Amino acid sequence: PNVKVSLKVGSSQEIADGLEAFQFDLGIICRLPFKSKLKVVPHTKEPFYLVTAPDHKLAAKEEIHLAELRNEPLIIREEGSGSRYAIFSLLSSHGINPFVLMEAESVEFIKEYVIKGRGISFLYKPEIRLETGYGLLKEIKVREGPLVIQTDIVYPRNVDLSPPAQTFLRLVEGAEV
């Protein structure tokens with residue numbers, strides 16, 4: 001009772017910066033190279049999947065090697081996004097410098113461009129469930145394994161969290177504050 005919840009959607013970097021500026025009490029973000037000003041509580045590991053339009057040349061394959069993405073136009077989240085950071089890290093670790101066709105803050109925008117066949121992307125399973133179910137997007141397995149992104153609950157270090165924020169942490173993770 002008497003707790004106001006405000007939800008801000010943004011890139012992981014925007015949320016981390018907002019926490020450092022004391023604009024938010026808590027954040028749930030994809031793992032980034034964190035600044036030491038934030039306390040990090042591991043939350044969940046989220047699988048991201050390669051998706052294409054159903055008529056894309058890669059869609060005919062059940063599984064591909066990451067090397068096959070070398071010249072594919074990639075539609076990806078904006079600078080500061082934790083998923084973008086993880087995708088670039090994965091590709092870089094396999095010697096791939098991706099061809100980024102477009103960056104977008106909106107997952108819906110990214111899905112629409114992929115559905116139209118303008119590029120490929122890596123997206124979180126719940127974000128694509130409806131479109132893959134209707135055959136609008138094709139999920140393709142990557143032989144090197146799935147891209148799993150760590151999400152974390154973060155908050156300013158050396159700050160006493162409010163009782164509602166402490167309760168939230170206990171409910172979500174059973175975390176010690």
Side-chain angles (χ1 to χ4, degrees), residues 1-51 66 74-93 103-115 120-134 136-137 139-142 144-177:
N2 298 324
V3 174
K4 178 183 175 196
V5 176
S6 176
L7 178 66
K8 161 81 169 124
V9 177
S11 74
S12 295
Q13 191 62 58
E14 286 176 321
I15 301 302
D17 291 344
L19 286 162
E20 288 182 352
F22 304 104
Q23 295 172 338
F24 319 122
D25 292 330
L26 296 167
I28 300 176
I29 62 176
C30 290
R31 179 152 298 170
L32 291 169
F34 289 109
K35 301 172 184 168
S36 61
K37 293 179 182 177
L38 296 179
K39 171 80 172 147
V40 178
V41 178
H43 181 46
T44 61
K45 293 184 183 217
E46 304 293 346
F48 276 62
Y49 295 89
L50 174 64
V51 291
L66 282 172
L74 185 62
I75 303 168
I76 196 161
R77 290 285 311 269
E78 76 281 8
E79 188 75 38
S81 162
S83 60
R84 173 195 174 100
Y85 176 80
I87 292 163
F88 277 11
S89 295
L90 173 70
L91 295 174
S92 176
S93 73
E103 298 176 2
E105 291 181 9
S106 165
V107 171
E108 292 303 315
F109 181 87
I110 293 171
K111 289 191 294 188
E112 285 302 314
Y113 261 65
V114 173
I115 288 168
I120 63 170
S121 193
F122 287 87
L123 295 169
Y124 174 47
K125 183 73 167 187
E127 294 171 337
I128 59 171
R129 188 169 285 127
L130 183 66
E131 291 82 2
T132 55
Y134 283 119
L136 299 171
L137 287 174
E139 180 185 315
I140 302 171
K141 291 181 184 170
V142 175
E144 290 81 358
L147 172 62
V148 179
I149 298 177
Q150 176 68 48
T151 62
D152 298 307
I153 298 173
V154 291
Y155 54 94
R157 189 180 292 281
N158 302 322
V159 170
D160 291 330
L161 290 175
S162 67
Q166 291 178 29
T167 300
F168 176 81
L169 278 177
R170 282 194 299 274
L171 287 172
V172 172
E173 290 294 335
E176 292 295 322
V177 180

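As the structure is a prediction and not an experimental result, all values here were calculated from the model.
- Put simply, CZ on F122 and CD1 on I140 are 9.5 Å apart, with the number rounded to the nearest 0.5 Å.
- For the residue pair Y49 and E139, no side-chain donor N or O sits within less than 3.5 Å of a side-chain acceptor on the partner.
- Proximity of a side-chain donor or acceptor of Q166 to a complementary backbone N or O of L161 within less than 3.5 Å is detected.
- Without hydrogens or angle criteria, R84 side chain to R77 main chain gives a donor-acceptor distance under 3.5 Å.
- In this structure, the side chain of S106 engages the main chain of E108 through a donor-acceptor pair within 3.5 Å.
- I120 contributes atom CD1, which lies 12.0 Å from atom CG of L137 (distance to the nearest 0.5 angstrom).
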Worked verdict on R31 versus V40 for side chain to side chain contact (heavy atoms under 4.5 Å, CB included)
CA-CA 9 Å; R31 179 152 298 170; V40 178; 4.2 Å; yes
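- We find that K37 and E20 are not joined by a salt bridge, their nearest charged nitrogen and carboxylate oxygen being 4.0 Å or further apart.
- Within the structure, salt bridge (charged side-chain N to carboxylate O under 4.0 Å, His left out) pairs that include any residue of residues 4-14 do not occur (at least two apart or interchain).
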Side chain to side chain contact (heavy atoms under 4.5 Å, CB included) for L38 and R157? Distances and angles first, verdict last.
CA-CA 5 Å; L38 296 179; R157 189 180 292 281; 5.9 Å; no
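- Across every non-hydrogen atom of G82 and C30, the tightest pair is CA-CB, 3.5 Å.
- Heavy-atom minimum distance, F22 versus P156: CE2-CB, 3.8 Å.
- Looking only at distances, a side-chain donor or acceptor of S121 sits under 3.5 Å from a matching main-chain atom of I75.
- The shortest non-hydrogen separation linking L147 to A86 is CD1-O, 4.1 Å.
- Between V154 and L19 there is a side-chain heavy-atom pair separated by less than 4.5 Å.
- Taken from CD1 in I28 to CZ in F168, the straight-line distance is 4.0 Å, to the nearest 0.5 Å.
- Between the side chains of T44 and E46, at least one donor N or O lies within less than 3.5 Å of an accepting N or O.
- Considering every non-hydrogen atom in both L123 and V51, the closest pair reads CD1-CG2, 3.9 Å.
- Remark: side-chain polar atoms of E127 are paired, donor with acceptor, to backbone N or O of Y124 under 3.5 angstrom.
- To the nearest 0.5 Å, atom CD1 of residue I110 and atom CD1 of residue I115 are 12.0 Å apart.
- Contact of the H43 side chain with the V172 side chain is registered, since non-hydrogen atoms from C-beta on lie closer than 4.5 Å.
- Separating the CD1 atom in I15 from the CG atom in D152 is a distance of 13.5 Å, to the nearest 0.5 Å.
- Nearest heavy-atom pair, S83 versus F48, reported as atom, atom and distance to 0.1 Å: CB-CE2, 3.6 Å.
- Here E103 contributes atom CD and L74 contributes atom CG; the two are 9.5 Å apart, rounded to the nearest 0.5 Å.
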